Amino acid sequence: MLRGCPIAQPRALIPFLSASDLSIGRGDRTLLSGLNLSISPGDVLHLRGRNGAGKSSLIEVLVGLRPARGGTLKRPAADQFHWIGHRNALNSDLGVRENLEGWCALNGVAASGIAAALERTGLARLRHRQVRTLSAGQKRRAALTRLLLAQRPLWLLDEPLSGLDGEGLALLGQLMNEHVAGDGGIVVTSHQSLPGRLPRVTIIDLG
Amino acid sequence: MLRGCPIAQPRALIPFLSASDLSIGRGDRTLLSGLNLSISPGDVLHLRGRNGAGKSSLIEVLVGLRPARGGTLKRPAADQFHWIGHRNALNSDLGVRENLEGWCALNGVAASGIAAALERTGLARLRHRQVRTLSAGQKRRAALTRLLLAQRPLWLLDEPLSGLDGEGLALLGQLMNEHVAGDGGIVVTSHQSLPGRLPRVTIIDLG
Amino acid sequence: MSAFLVTVARELRIAARNKASLLMPPLFFAIVVTLFALGGKPGDPQLAAVAPSVLWVGALLAALLTLDRLFRGDLDDGWLEQVFIAPASPVGMVLGKFAAHWLLTGLPLLLLAAPLALQLGFPSGAPLGWLLLGLLMGTPLLSIVGGFAAALTVSLPRAGLLLPVLVLPLLAPVVIFGSGAARAAQAGLDASGPIYFLAFLLVLSLTLLPWAATAALRSAFD
Amino acid sequence: MSAFLVTVARELRIAARNKASLLMPPLFFAIVVTLFALGGKPGDPQLAAVAPSVLWVGALLAALLTLDRLFRGDLDDGWLEQVFIAPASPVGMVLGKFAAHWLLTGLPLLLLAAPLALQLGFPSGAPLGWLLLGLLMGTPLLSIVGGFAAALTVSLPRAGLLLPVLVLPLLAPVVIFGSGAARAAQAGLDASGPIYFLAFLLVLSLTLLPWAATAALRSAFD
Amino acid sequence: MWTWFHRLASPPSFYRFADRVAPWLAVAALLLLGYGLFAGLWIAPKDYQQGDAFRIIYVHVPAAALSLSLYTGMAIAGVVALIWRIKLAECAIVALAPIGASFTALALVTGMLWGKPMWGAYWVWDARLTSELVLLFLYLGVIGLDQAFLDRRAAARACALLAIVGAVNVPIVKYSVEWWNSLHQASTILKFGKPTITAEMAIPLYASLLGAYLLAGMAALRRMQNEVLLRERRAGWVRELTAV
Ligand code: HEM
Ligand SMILES: Nc1ncnc2c1ncn2[C@@H]1O[C@H](COP(=O)(O)OP(=O)(O)OP(=O)(O)O)[C@@H](O)[C@H]1O
Ligand SMILES: Nc1ncnc2c1ncn2[C@@H]1O[C@H](COP(=O)(O)OP(=O)(O)OP(=O)(O)O)[C@@H](O)[C@H]1O
Ligand SMILES: [Mg+2]
Ligand SMILES: [Mg+2]
């Protein structure tokens, strides 16, 4: 490798996140071990596996919520990735917009993009509705709206499709397409196949 | 019709549930109105519709959790149907089997079938695990196990596929097939298409 | 098995999951009594005079602190809905909740009341008997009336202090009569009047409140 | 905006959703004082003597009854996890929670303490000043120490009474010194000793407990 | 009669009915209260024991009587709302609570003001006074509960249940003076049979009592109208009404 000559290294080769020989456990069981992965710009990593294989646990390790049991992990900085877990992280007493405003403030992001983002995810009319009164799919859409509030290169999405209707699926596919086209990376778990036409999907089957 | 001659009426014509001119609302909005439906033995009613169309609300009205805003509704007796909602109705501090035992006792059903049912849904090894420590799909499987604990002619399932892996999907398809073959009826909401090869599916699109 | 027995068994099982939690009510009670004793002037000989109030307020607090969660978990995880569509009557479930709440907080406290009262210098013998009889009538009342208020507020987001604000006025008569009976007995007077009144309240609330609480829970689904 | 301000704003907003909930703390205190008065002999002229204890115990109770939910909702809906992966420091969030809890329960009490104390016959002037100064030091302590205990128990299924059992011994010194200062002032003695001690406790817990609570919350994810 | 009642129970006809009746109630209440208070505060003779201090009775007794009557009314409306599911009764519960709370507060304040000259203290922790304070808390509890719910029907149902259960306190307030040896004076005026008070004092008292009832009735009708409008804001007849 040519030291001191960064231009020689194509951009796509600097991974957002890489793990080698990772092992992951819950309670006193080891779920996964010897796992190697890396996500570079333009990559989509589709984690699959049976219920209980450890997909959610793996993502939680990747975002730093849970320590790995072994191996090395290079994680991006906190403002370099989005994570949407199983739970929507929406307070049911607050309105949709209020919830997103809180998230923006927490992340030091301008709240001015909220209106446009809600328009995109089809929640513009519901922006003042208490989250408590949303349907399951509407809540999921509200959670996914966060992806649009801040431009972050890496997305880690845990079952983002769950509860979405056909239109929601198409929308998410489109968002993922755009993100990847803009040199973003995505790690996503889903039992369904991914919507949209993503160019470079690597499927990792956790068994 | 020949009165006093029940044999003349084919069994399939007595519906488990029928509604006419039903209207349904949440808060001060009316979601659906003028809805007619009926489920007879062997029928599968697949409710579809965009997020927030009112599928879950409709099912909750059908099971009697929520009053209809108008119309007439003939509902089956409490021990004639199963209802599995968005939420799993599992206490996270109790074990899987304990949870199901509680359900059996509440419904006056023998608990002896639990072991076999858990075997079928693939949770036999996890029967003593606290529900808190299950993965999302494992929880959903535990909720669906109830369908096997009591033979009830009508099933009302709200997004039963959510969170299930491929094997779980196949299993659910098989269960629904068997149920319909045994002259049961099913009302199910799902954004995905239904698994299994169900003979008589009516799709109702709520818009 | 009726919804009543199912619910009692279930609640006790959940409590048994966390064995240490069974020791909490008596521990809490003992701490409150100690705090009261400390809050007064140290070494006050008049502790015996306030003993009934201290015990009753302690019981009230122990009930209050656990009431908030009585139905909340079941509402959140969807169990409550399953109970309401089940063939069994939901009133049985509500009664079971009340009974389990009493078994887990009222009863331990009742068992501990005698030693604590003596500790505070409350006279043993007949007065103690009246004090305990009052608590025997009154602690189920705390569970029932408090449980009713918990059902009323279960679907509210920030009930926070609303639950105690609803419960305390409703329970004020219970505490007044209960500690009144003990004080009367302490003073050598007849304590049966307030006790009869407590018994009357107990019967009244046992016949009415489970239904009222069930109605409140049913309306929580919307 | 830092996690601290975000959290305070968020909590106040949630509270403001239900305007009536803002009135609950004063109402709660009024009821507690009434109950105390009722629990004692009717028409007891010695209420003034117990005024400090009543106010302090009332503050403790208001804190206890609202602490259980301090972090639970955020843990259940996944917000807590979002805070921990955000660029901002989670300690700010914890401090914000403590501050909002104090604003919503401690501050109203503080504002109400003077009229309530006078109502109970507590002498106005310098003694009242000491009482209020004590509460000014002590109510944040209740929120901080109590909030730490809430963080410790947030992931426990049936924390119920565990939280108060943890909190009460930790807070007993606060209540004892706080009401001690007021009683000393009432008796015309120097009350500055206990107040200094409260101030010391406040500084100590403000520097240590937010970090301890953050660590406790982090371990709640597993 | 029954059909008439049914027709009245429908929100639009109630609204029009209330619109017609409320002004008359207001006028009658004004006249009665005006006479009662004027006659009581200026014309009636001084009490031989209490001097002028007794005149507060013309405010205190009506306020105290209404505090109890309104709670009873609220509980009855609660029963009606729960059993027959009549919307108007639901509106009545939430409409009556703030009125009752105000009268209770007024009874407490006038009682305290009266207590200072009579008993030498604004407040004593005696059974009547304390149970009246508990009544205020119950009213405030109903108001708080009402405010806490988003859905109006759910709010009304919860308030109905609380109002009914809280009704046990009403007899305690009413008979506290007999059950405990209270400082407060026993029932004399509001007892059936012979009142033990001279006619010159009594007639203005009855006038202001009746006036207070009419005033409360007027306020209740108006508040119920508001509640009806709020609940039916999407209905056609309300749209028509607000369009004018
Ligand atoms: C805060 C203090 C007080 C409260 C809460 C209070 C409350 C009440 C209540 C609830 C009633 C019953 C109304 C009814 O039966 O419908 C009442 C009646 C009355 N109160 Fe008071 N009161 C207070 C102080 C006083 C004082 C200081 C006096 C004068 C010494 C007084 C004189 C009366 C009289 C004369 C009646 C009418 C009794 C009757 O003949 O029925 N009250 N008050
Ligand atoms: N408590 C409530 N108050 C007011 N509106 C509500 C309430 N609950 C739900 N809604 C609204 O009612 C509509 C129907 O909700 P429902 O949950 O039945 O939808 P759904 O068809 O099941 O949607 P999904 O596909 O997302 O599950 C939604 O638009 C929702 O916003
Ligand atoms: N707190 C815990 N203690 C012990 N085991 C746990 C705990 N939490 C989860 N597990 C176990 O860890 C395994 C992995 O769970 P995880 O949620 O990562 O699965 P998943 O692959 O996301 O499954 P799903 O497809 O159902 O979402 C499961 O077998 C689960 O039972
Ligand atoms: Mg998962
Ligand atoms: Mg739905």
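Basis for what follows: all heavy atoms, side chains included, without hydrogens, waters or symmetry-related copies. Letters go in sequence order (proteins before strands), and every chain restarts at 1. These figures come from a predicted structure and were not determined experimentally.
- Checked for salt-bridge contact, A:E101 and D:R13 meet the test: a charged N lies under 4.0 Å from a carboxylate O.
- Under a cut-off of 6.0 angstrom, the local environment of CD in A:E178 is crowded, with over 12 non-hydrogen atoms contributed by other residues, nucleotides or ligands.
- In this structure, D:V8 and D:K97 have side chains that are not in contact, with every pair of non-hydrogen atoms separated by 4.5 Å or more.
- Heavy-atom proximity under 4.5 angstrom to chain D picks out A:V63, A:L65, A:R66, A:A78, A:D79, A:F81 from residues 59-82 of chain A.
- Residues D:L202 and D:P140 meet the side-chain proximity criterion, which asks for heavy atoms closer than 4.5 Å.
- Between the side chain of D:Q82 and the backbone N or O of D:W79 there is no donor-acceptor pair closer than 3.5 Å.
- Using a 4.5 Å heavy-atom cutoff, the side chains of D:L131 and D:W56 are in contact.
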